[in-house]
Amino acid sequence: MVEVLVTNGPWLIMAAALFGFLMAFGIGANDVANAMGTSVGSGALTIKQAIIIAVVFEFAGAYLAGGEVTNTIRSGIIDSSFFIDQPELMVYGMVSALLAAGIWLIVASWLGWPVSTTHSIIGAIIGFAAVGVGSEAVEWGKVAGIVGSWIITPAISGFIAYLIFQTAQKLIFDTDKPLENAKRYVPFYMAFAAFVMALVTVTKGLKHLGLNFTLIESYALALAIAAAIGLVGKIAIGRLKFDPKADRMTQFGNVEKVFGILMIATACCMAFAHGSNDVANAIGPLAAVVTIVQAGGEIPEKAPLVWWILPLGAIGIVFGLAVLGKRVISTIGTKITHLTPSRGFAAELAAASTVVIASGTGLPISTTQTLVGAVLGVGMARGIAALNLGVVRNIVVSWVVTLPAGAALSILFFTLLRNMMS
């Protein structure tokens with residue numbers, strides 16, 4: 001059936017490019033809240049400011065560090081050897097998976113549900129593989145790991161966020177002189193944030209540029225950046241002029257302003273890292289289609305990116321963010337629990353810390369579920385009543401539905417496409 005790929009190759013590539021753009025649109029609409037949701041919810045940024053900042057850093061991450069080479073099969077979730085004798089099924093499947101995941105992400109974004117873009121495309125790939133070849137083509141062990149991450153990831157990030165928030169309460173907010181203690185301790189928070197964000201950027205955002213640091217080099221670089229940021233922060237905060245005789249509420253407000261500035265910085269780093277990492281969810285299957293068609297049916301281990309694929313993914317993310325991004329930002333930032341800059345900072349830092357832990361241990365995670373768990377942890381620090389349990393229930397349901405929804409849509413589109421082509 002290789003002649004089918006040769007004959008219909010241009011049309012299949014055009015369809016994959018269109019649906020890849022749709023998938024990138026969905027990534028921008030849904031996942032941008034991972035970086036900007038807490039900043040908006042805490043009042044550190046307006047929706048408009050967050051979208052402008054996210055557009056810049058998401059595009060920079062996706063375009064500059066999105067990768068020259070991407071895995072043909074996203075996360076190794078299926079065994080490509082089953083498709084060697086029928087490569088056209090792989091092409092039909094990847095085209096169908098992009099359309100299925102893109103549609104699901106747009107629906108979820110419209111409803112304001114923060115779902116995992118990675119799990120959306122994985123669910124779609126599982127669907128077409130199980131129907132096109134058989135269930136034995138699916139790496140079910142990895143699927144089980146993904147399901148387990150629904151519990152483990154939010155739990156880890158929630159616990160870390162709880163600890164960070166509680167330390168800020170004990171060291172700064174619950175003291176007699178919160179402003180003086182903020183000047184004393186905030187530089188340490190800045191250094192810790194810089195350390196974590198440097199690791200996230202190195203491991204998630206720069207590896208695609210050919211800057212392959214060893215583990216020791218990554219930690220040494222992160223520690224150097226942390227020390228520098230902590231020192232600069234101590235000098236900068238020391239120069240801030242606040243009225244020492246101001247009442248406690250005014251002092252709290254001034255402390256929150258400091259955390260607000262930290263939040264904006266961490267959000268920029270998260271947006272860059274997210275753009276560089278998650279653009280692969282859209283361009284990975286697209287690159288696979290282009291490579292298989294141009295190779296006349298050969299399925300490679302890696303798919304080199306044609307020059308236009310990466311800009312297409314980057315532009316798609318930006319469009320999705322600008323058009324639908326505010327809906328999921330609103331859910332994470334304002335509907336789960338009330339956030340202040342210090343609470344939002346704790347959640348953002350906890351999410352980034354969890355990403356670092358997961359990268360080091362190989363734990364499959366969703367950045368969306370990580371951040372939602374961190375926001376829940378901050379809310380729990382103030383008691384269960386501080387959480388909007390109705391919104392939390394809807395979010396959990398959307399997580400569970402994502403894999404089967406992507407699979408079902410992918411099966412539908414795959415069946416239609418295969419019948420059309422035959």
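Computed from heavy atoms alone, side chains included, the values below leave out hydrogens, waters and symmetry copies.
Side-chain atoms of Val40 and Thr46, non-hydrogen and from C-beta on, never get closer than 4.5 Å to each other. The side-chain heavy atoms of Phe195 and Ile229, taken from C-beta on, include no pair separated by under 4.5 Å. In this structure, Glu139 and Ile78 have side chains that are not in contact, with every pair of non-hydrogen atoms separated by 4.5 Å or more. At a threshold of 4.5 Å between non-hydrogen side-chain atoms, the residues Ile52 and Lys48 count as touching. Ser410 has its side chain out of reach of Ile125: every pair of non-hydrogen atoms, C-beta onward, lies at least 4.5 Å apart. By the 4.5 Å heavy-atom criterion applied to side chains, Thr340 and Phe259 are not counted as neighbours. When side chains are defined from C-beta on, Phe59 does not count as touching Ile317, because their heavy atoms never get closer than 4.5 Å. The shortest side-chain heavy-atom distance between Pro154 and Leu376 does not fall under the 4.5 Å cut-off.
Distance CE/Met23 to CD1/Ile106: 10.0 Å, rounded to 0.5 Å. The CG atom of Leu371 lies 11.5 Å from the CE atom of Met36; values are rounded to the nearest 0.5 Å. Atom-to-atom distance recorded for Phe128:CZ and Leu409:CG is 14.5 Å, nearest 0.5 angstrom. Annotation: the span from Ile51 atom CD1 to Ile47 atom CD1 amounts to 5.5 Å, rounded to 0.5 Å. Atoms CZ and CD1, on Phe159 and Ile164 in that order, are 11.0 Å from each other to the nearest 0.5 Å. In this structure, the separation between CE on Met94 and CG on Leu12 is 13.5 Å, given to the nearest 0.5 Å.
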key: Stepwise side-chain contact (heavy atoms from CB on, under 4.5 Å) test for Val133 and Val138   = CA-CA 9 Å; Val133 175; Val138 179; over 6 Å; no

ask   = Hey, mind stepping through Ile315 and Phe319 against side-chain contact (heavy atoms from CB on, under 4.5 Å) and telling me if it holds?
value = CA-CA 6 Å; Ile315 293 170; Phe319 266 85; 3.5 Å; yes

message = Assess the residue pair Arg343 and Ser42 against the criterion (side-chain contact (heavy atoms from CB on, under 4.5 Å)); give the C-alpha distance rounded to whole Å, side-chain angles, the decisive distance to 0.1 Å, and a yes or no.
response = CA-CA 8 Å; Arg343 295 169 191 162; Ser42 66; over 6 Å; no

ask   = Cys268 and Ile53: side-chain contact (heavy atoms from CB on, under 4.5 Å), yes or no, with the steps?
value = CA-CA 7 Å; Cys268 291; Ile53 291 174; 3.6 Å; yes

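Applying side chain to side chain contact (heavy atoms under 4.5 Å, CB included) to Ile336 and the options Asn388, Val375, Val378 leaves one that passes, Val375. When each of Thr368, Asn281, Thr118 is checked for a side-chain hydrogen bond (donor to acceptor under 3.5 Å, both in side chains) with Asp31, only Thr368 meets the rule.
Taking a 6.0 Å sphere around CG of Leu389, one finds it holds more than 12 heavy atoms contributed by other residues, nucleotides or ligands. Residue Trp140 places its CH2 atom among more than 12 non-hydrogen atoms of other residues, nucleotides or ligands, all under 6.0 Å distant.
The aromatic rings of Tyr189 and Phe345 lie perpendicular to each other, with more than 60° between the two planes, well past the 30° mark. Taking the six-membered ring for Trp and thresholds of 30 and 60 degrees, Trp104 and Trp113 have ring planes inclined between 30 and 60 degrees apart.
Gly260 and Ala44 make their closest contact through O-CB, 3.9 Å (heavy atoms, listed as atom of the first residue, atom of the second, distance). Summarising the geometry of Ala194 relative to Ala226, their closest heavy-atom pair is CB-CA, 3.9 Å, with the distance given to 0.1 Å. Nearest heavy atoms, Leu286 versus Leu98: N-CD1, 3.9 Å. Across all non-hydrogen atoms, the minimal contact from Ser353 to Val196 is N-CG1, 3.5 Å. The minimum heavy-atom distance between Thr153 and Thr354, with the atom names listed, is O-CG2, 4.3 Å. The two residues Gly379 and Ala386 make their nearest non-hydrogen contact at O-CB, 3.6 Å.
Not one N or O on the side chain of Trp110 forms a donor-acceptor pair closer than 3.5 Å with the backbone of Leu105. Side-chain atoms of Asn419 come within 3.5 Å of backbone atoms of Thr415 as a donor-acceptor pair (strictly under, hydrogens ignored). Judged purely by atom type and a 3.5 angstrom limit, Ser330 has no side-chain atom pairing as donor or acceptor with the backbone of Lys326. Ser120 places no side-chain N or O within 3.5 Å of a backbone atom of Ala101 that could act as its donor or acceptor partner.
Here Phe173 pairs with Phe252 under the ring pair (Phe, Tyr, Trp, His ring centres under 6.0 Å) rule; sequence neighbours left out.
Neither side chain, Glu88 nor Tyr92, offers a donor N or O lying under 3.5 Å from an acceptor on the other. Checking Thr38 against Glu348 by side-chain atom types alone, a donor-acceptor pair falls below 3.5 Å. Neither side chain, Thr167 nor Tyr185, offers a donor N or O lying under 3.5 Å from an acceptor on the other.
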